[in-house]
Amino acid sequence: MEKKEFKSESKRLLDLMINSIYTHKEIFLRELISNASDAIDKMYYKALTDESITFNREDYFIRIALDKQNRTITITDSGIGMSKEDLEQNLGTIAKSGSLDFKSTHEIEEDASIIGQFGVGFYSSFMVADTVTVNSKQYGSEEAYKWQSSGAEGYTIDVGDKDSAGTQIILNLKENTEDENYDDFLDEFRIRELVKKYSDYIRYPIKMMVSKSRPKPKKDENDENEKTEYEQYQEDETLNAMVPIWRKNKSELKDEDYNNFYKEKFYDYEDPIAVIHTSSDGLTSFKALLYIPAHAPINYYTKEYEKGLQLYSDGVLIMNKCGDLLPDCFGFVKGLVDSADLSLNISREVLQHDKQLKIIANHLQKKIKGELLDMLSSDREKYEKFYNSFSRPIKFGIYNEYGRDKDLLKDLLMFTTSKEKKLATLSEYVSHMQENQKYIYYASGESIEKVEKLPQVELVADKGYEILYFTEDVDEFAIQILHEFEGKEFKSVSASDLGIDSDEKKDEEKKETENKDLFQFMKDTLGDKVKDVKASSRLKSHPVCLTSEGMLSIEMEKVLNSMPNDSKVKAERILEINVNHPIFEKLTDLMKTDKDKLKKCTDVLYTSALLIEGLSVEDPVELSNNICELIG
Ligand code: ADP
């Protein structure tokens, strides 16, 4: 017999399980049954891909046995079983448990109440048992093994005597305490209720011998006065309905059923924000159950996140994450697809390129969009909650592949607007546009507060036009790809031509021609820092601002340069001067009297424009010196 210690993370989780609060303890049964069902799935899948194995459905089941005298619950399955290595790997270390991958044990400790809502796996046995024994024999192996543990000290592994393939788990229930009556779990009714509550959809029969009573045959058939006597007998009963939830009729299901299934299967503690239960009987028939989570998973914006739906072939799980079923923009969707039309005997590679998958994916893509649009029109608050979690994938979806999916996604976009400071869709924006307004205006910056203060915003806002505030790095990139919405082009408030005619504009043009030398001097002073220095037609009260020419805006420059990439880009910067501001008079004076001072002024003005844009000052020491000299 070998004695081993648990890995340290496992120990911590075990401690937590052992000391968990009572109301959550019942989920141990769900966890063990779902492991058993997975083990039979693996067996079934093996049989489907290996002709030498025959799979007779009758041979596959999960059995629960209650022993009141010895206070044990035994759960047996005829699944694939575990080898000695499997027992060590799977039950000796918590890291193996997929359910906990996304939460560190530390986080869980902080909120132990969350436990009941997670798939915590095999370790949950220790919530109700002080000793757990696992007898297992792997399919095809000669040897059986016995794993045993009484909690945090460690476990032992020994040769076992199980003669058929599969796994048997024996739980020795903890002693009852004042507040906790573990004997509850030895009650047939209680177990039946738990199976119904959590595991009804499991595809294999969950059997249990249950006691029943029936009237005894009468001693004298003709004696009407003879009292009926009853006798107890044992009968094998299947406790679960065995119909997976996605195969049930919508009318049979309540929100709670959908939500419970989601939380258990996809390890979320929050109900989903939307459920899509759909089927298609076209060329490729399938059923799908999709969930839109209420929040992004912790690792959603990391490389580790893998999108995809579970893929079932006629009820058997054949792929845990089939990425081809979901476009990246909807990569946050969880769920499953079940189709009897997918051939199983083809390898994964082939399956991944299956035409049928494309048909299903297209159908689902439309469904997801439809669901989101419905939500947008029927429950704005909910949609905004969704959007706050998942605006990024939608915006990236527009930008990706040169806008291939832009038409699918553009109606789902929302931005905060200048007037109401609330989220509006593009179609809402367009419907609010003024009669003489040519463009959809936007302004970008780090935060709404900062964008609002941008000098460039002034003229457009003064005209009474609404402005979309872009505060996410992907915004401008997405909008550039989109180019227009309902025939209206997008225009940055920093664009050289704002499409706003005004009398002032002519005035500015005049002043620029009159002071050609001044602008040229300033431009020469700044050298290659700017492409041009111009009289501004957009500034009203502010003295200067920086705008850009061409496709690349200053915000985009910032985004691109923040990426881990050696080649840096630079937007074509234009320094705009407000010719109606007192500073302009000062500049024209200096042009005549003190060119050296004008140089310093130019540098200070340019640098303050950089700061307004949220760019860093190229030479802060020089700036400081210049300011001092100008003051002095
Ligand atoms: P999870 O099921 O989330 O992976 P568990 O801690 O419940 O985490 O189980 C760990 C692993 O142990 C499973 O992934 C599976 O490989 C194995 N296992 C657990 N129970 C059984 C069983 N009844 N039959 C075969 N393998 C099992």
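Counting starts at 1 for both ligands and their atoms, following the listed order.
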If you measure every N/O of Ile169 against every N/O of ligand 1, is any gap under 3.5 Å?
no

Between Arg214 and Tyr233, is NZ or CZ placed under 6.0 angstrom from the six-membered ring centre and within 45° of the ring axis?
yes

Can you tell me if Asp77 contacts ligand 1 (heavy atom of the residue under 4.0 Å from the ligand)?
yes

Under 4.0 Å from any heavy atom of Lys42, which atoms of ligand 1 are there?
16 (O)

Counting heavy atoms only, which part of Asn90 comes closer than 4.0 Å to ligand 1: side chain, backbone, both or neither?
both

Whether Met82 lies under 4.0 Å from ligand 1, heavy atom
yes

A side-chain contact here means heavy atoms from C-beta on lying under 4.5 Å apart; do Leu253 and Ile245 qualify?
yes

For atom 22 (C) of ligand 1, state which one of Asp86, Leu32, Thr167 supplies the nearest heavy atom.
Thr167

Could you give the side-chain donor-acceptor pairs of residues 285-293 under 3.5 Å, partners two or more places apart or in another chain?
| from | atom 1 | to | atom 2 | distance (Å) |
| --- | --- | --- | --- | --- |
| Ser285 | OG | Asp341 | OD2 | 3.2 |
| Tyr291 | OH | Tyr258 | O | 2.7 |

With Tyr305 via ring pair (Phe, Tyr, Trp, His ring centres under 6.0 Å) - residues at least two apart:
Tyr300

For Tyr198, run the side-chain hydrogen bond (donor to acceptor under 3.5 Å, both in side chains) check against Arg30, Glu26, Glu193 and tell me which one passes.
Glu26

Should one rank Ser34, Ser37, Ala39 by closest heavy-atom distance to atom 24 (N) of ligand 1, which comes out on top?
Ala39

Just one of Gln138, Glu2, Gln89 clears the side-chain hydrogen bond (donor to acceptor under 3.5 Å, both in side chains) bar with Lys84, so which one?
Glu2

Is Gln89 near ligand 1, meaning one of its heavy atoms is under 4.0 Å from it?
no

